[in-house]
Amino acid sequence: MPATAPERRVVVGAALVDDMSRPHVLLGARRTAPAAHAGGWELPGGKVEPGEGLHAALHRELLEELGVEIRVGDQILGPLDGAWPLGETYVMHVWITRVAGSHAPEPLEDHDQLRWLTRAQLFDVPWLPDDLPVVEAVSRWMT
Ligand SMILES: Nc1nc2c([nH]c(=O)n2[C@H]2C[C@H](O)[C@@H](COP(=O)(O)OP(=O)(O)OP(=O)(O)O)O2)c(=O)[nH]1
């Protein structure tokens, strides 16, 4: 009998932009932990809890990490049934999102710096390696 690959843990990520139909800037967040990821830049988000919906997890993570409510737009489709591989053990679903309301994102949890990056600045920060293809896909939406 063929061995079945162990199921990957599901993570959700937000490609937070200023304008979902004509994005000019994307929010990058610098991680503080774990040591292997500290200093690397990523999309805000995190692990989906058992029994939790993907969108519900995205709303929860953005509120916990950045203190913002969000609107969710189109999914940025990746190669693994629409998601993006993170190493061997995680898979990340990513959506274009924007902040709902006027509250600015703050690095409350897991991050020590946030930057709104224009398309020209997008690769000025050291993204976590697995985020690079995702950021490249987002860059194609940016004007
Ligand atoms: N959130 C997020 N995690 C990423 C990205 N790229 C990447 O390699 N990862 C990795 C880091 C982590 O090993 C894992 C996601 O876990 P996390 O630490 O963000 O999840 P969480 O907020 O639920 O954290 P915790 O409750 O388990 O502490 O995926 C990304 O763009 N966003």
Side-chain angles (χ1 to χ4, degrees), residues 3-101 103-143:
T4 317
E7 220 159 89
R8 288 167 177 259
R9 180 87 194 259
V10 178
V11 171
V12 289
L16 200 57
V17 297
D18 53 338
D19 178 333
M20 293 201 284
S21 48
R22 290 176 53 101
H24 294 104
V25 284
L26 170 71
L27 191 85
R30 190 169 68 179
R31 277 193 86 102
T32 51
H37 289 129
W41 290 71
E42 66 167 19
L43 302 176
K47 300 181 195 88
V48 178
E49 301 293 344
E52 187 178 40
L54 298 180
H55 279 196
L58 194 64
H59 285 278
R60 176 183 54 72
E61 287 285 353
L62 272 281
L63 198 54
E64 286 173 6
E65 291 187 355
L66 307 181
V68 292
E69 302 278 357
I70 52 165
R71 296 269 180 274
V72 180
D74 290 341
Q75 188 167 4
I76 313 278
L77 294 173
L80 285 183
D81 291 332
W84 300 86
L86 299 179
E88 299 292 320
T89 50
Y90 293 97
V91 72
M92 180 165 69
H93 292 267
V94 179
W95 287 267
I96 288 277
T97 60
R98 71 167 173 84
V99 173
H103 195 77
E106 296 171 83
L108 301 177
E109 205 178 77
D110 297 343
H111 305 113
D112 64 358
Q113 202 180 323
L114 304 177
R115 272 185 72 180
W116 288 105
L117 300 158
T118 64
R119 191 174 182 177
Q121 297 167 332
L122 219 43
F123 298 99
D124 288 356
V125 299
W127 290 97
L128 293 176
D130 290 332
D131 283 56
L132 284 171
V134 188
V135 174
E136 270 158 24
V138 176
S139 78
R140 293 195 279 275
W141 290 50
M142 294 176 75
T143 55

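In each ligand, atom 1 is the first atom listed, and ligand 1 is the first ligand listed. The figures that follow rest on heavy atoms only: side chains count, while hydrogens, waters and symmetry mates do not. All figures in this text were calculated on a predicted structure; none of them were measured in a lab.
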- Message: Side chains of Val134 and Trp127, heavy atoms from C-beta outward: is any pair under 4.5 Å?
- Response: no

- Would you call the rings of Trp95 and His93 parallel, tilted or perpendicular, where under 30° means parallel and over 60° means perpendicular? parallel

- Task: Please tell me if the side chains of Arg60 and Glu52 come closer than 4.5 Å, counting only heavy atoms from C-beta onward.
- Result: yes

- Which atom pair, heavy atoms only, marks the closest approach of Val17 to Leu26? CG1-CD1, 4.1 Å

Check: residues 114-122 side-chain donor-acceptor pairs under 3.5 Å, at least two apart:
from	atom 1	to	atom 2	distance (Å)
Thr118	OG1	Ala120	N	3.4
Thr118	OG1	Gln121	N	3.2
Thr118	OG1	Gln121	OE1	3.4
Arg119	NE	Ser139	O	3.3
Arg119	NH1	Met142	O	3.1
Gln121	OE1	Thr118	N	3.0

- Minimum heavy-atom distance His37-Leu128, with the two atoms named: CD2-CD2, 3.6 Å

Write none if no such pair exists; otherwise list each N/O atom of ligand 1 with its protein N/O partner under 3.5 Å and the distance.
from	atom 1	to	atom 2	distance (Å)
ligand 1	1 (N)	Gly45	O	3.2
ligand 1	3 (N)	Glu42	OE1	3.2
ligand 1	6 (N)	Asp131	OD1	2.6
ligand 1	18 (O)	Arg31	NH2	2.9
ligand 1	19 (O)	Arg31	NH1	3.1
ligand 1	20 (O)	Lys47	N	3.3
ligand 1	22 (O)	Glu61	OE1	3.4
ligand 1	23 (O)	Lys47	N	2.9
ligand 1	23 (O)	Glu61	OE2	3.2
ligand 1	27 (O)	Lys47	NZ	2.4
ligand 1	31 (O)	Leu43	N	3.1
ligand 1	31 (O)	Leu43	O	3.4
ligand 1	31 (O)	Asp131	OD1	3.3
ligand 1	31 (O)	Asp131	OD2	2.4
ligand 1	32 (N)	Glu42	OE1	3.2
ligand 1	32 (N)	Leu43	O	2.8

